[in-house]
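Note sheet for the following structure.
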Amino acid sequence: MSARILDGTAVAALVRTEVADRVDVLAGRGKSVGLATVLVGDDPASRLYVDSKRRAAEEAGIRAFDHSLPAGAALGDVERLIDRLNESGSVDGILVQLPLPPGLDEAVVLGSIDPSKDADGLHPTNLGMLVMDRPGVAPATPTGILTLLDHYGIPTDGAMVVVVGRSLLVGRPLAILLGLKGRDATVALAHSHTPDLAALTRQADILVAAAGRPGLIGAHHVKPGATVVDVGINQAGEGLIGDVDFEAVAEVAGAITPVPGGVGPMTIASLLENTVAAAERRITGRH
Ligand code: GUN
């Protein structure tokens with residue numbers, strides 16, 4: 001293997017230490033920081049993700065409030081819970097784990113969160129602020145990816161970036177973030193209808209695989225020396241595998257994120273950053 005490993009676990013630990021320091025400062029001013037997680041249904045993978053987010057929050061000194069609703073919960077039940085969390089003085093950040101069970105409209109549920117408490121940065125107002133390049137809550141996974149690239153000194157300015165996958169959670173907001181002034185990447189957003197995916201991805205200096213399709217990206221998709229970011233977290237028998245054929249691509253790429261231990265921990269770190277930032281805004285009265 002020749003590629004450098006972009007170690008999300010290690011970089012996330014640095015971010016989480018900074019978050020813990022900020023939580024301590026707030027504690028010194030009498031303000032505790034709280035994150036509420038909302039899980040609808042009993043998907044085991046979602047339960048694991050929520051639990052690891054809660055554990056990370058508690059390790060940073062953030063109080064974690066766990067809320068679970070049954071898979072058959074009505075929209076009104078979810079909205080009532082979120083209203084309560086919006087009003088709660090102990091809750092600074094709210095995270096609704098996705099995907100929601102069929103029948104619950106994600107846009108409506110995400111839209112019911114107070115945008116100032118939107119720990120994931122997925123509220124329509126925050127996504128709108130992102131498009132307008134105005135201050136808002138940044139989407140957690142895209143922000144985590146940029147923090148990881150920054151840490152390893154991988155520039156986006158002038159880079160050709162291909163993002164594969166146009167999800168609300170990752171692909172679409174990441175493509176927008178990368179194109180903003182200050183980031184200055186040239187971005188292509190590829191998806192299932194993209195003709196000759198490999199011809200496009202081979203042009204990428206930075207290739208982000210976020211399609212949710214195990215093994216989608218092979219060595220022939222990658223320009224020698226490119227940075228490859230694997231956002232896939234696909235359940236595969238005994239463990240998790242990404243969208244990238246790690247063994248093959250690591251022979252060609254210059255740098256690569258592993259799964260697990262790459263983007264996943266960075267998402268959690270960004271979520272905690274958003275939560276402590278929300279608490280800081282509340283104490284200074286800047287909503
Ligand atoms: N499901 C998979 N990843 C995420 C995430 O980052 N946030 C939320 N809310 N749900 C997810």
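Counting starts at 1 for both ligands and their atoms, following the listed order. We're numbering straight along the sequence, starting at 1. Note that the structure is predicted; figures quoted are calculated from it, not measured. Values reported hereafter were calculated over all heavy atoms of this structure, with side chains retained and with hydrogens, waters and symmetry mates removed.
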query: Given Glu280, which of Lys31, Arg22, Arg29 fulfils the side chain to side chain donor-acceptor pair (under 3.5 Å) condition?
result: Arg22
- request: Measure the spacing between CG of Leu95 and CG of Asp120 and express it to the nearest 0.5 Å.
  value: 4.5 Å
same_hphob_cluster(Val163, Leu127) at 4.5 Å side-chain heavy-atom cutoff: yes
- line: Within the 4.0 Å heavy-atom cut-off around ligand 1, the contacting residues, ordered by chain and number, are Lys53, Val96, Gln97, Leu98, Asp120, Thr141, Leu169, Thr267
- line: Output for pair (Lys117 NZ, Asn274 CG), nearest 0.5 Å, gives 14.5 Å
task: May I have the step-by-step check of side-chain hydrogen bond (donor to acceptor under 3.5 Å, both in side chains) for Asp243 and Asn234, ending in yes or no?
output: CA-CA 8 Å; Asp243 287 359; Asn234 308 291; 3.0 Å; yes
message: Return the OG1 to CG distance between Thr257 and Leu148, rounded to the nearest 0.5 Å.
response: 7.0 Å
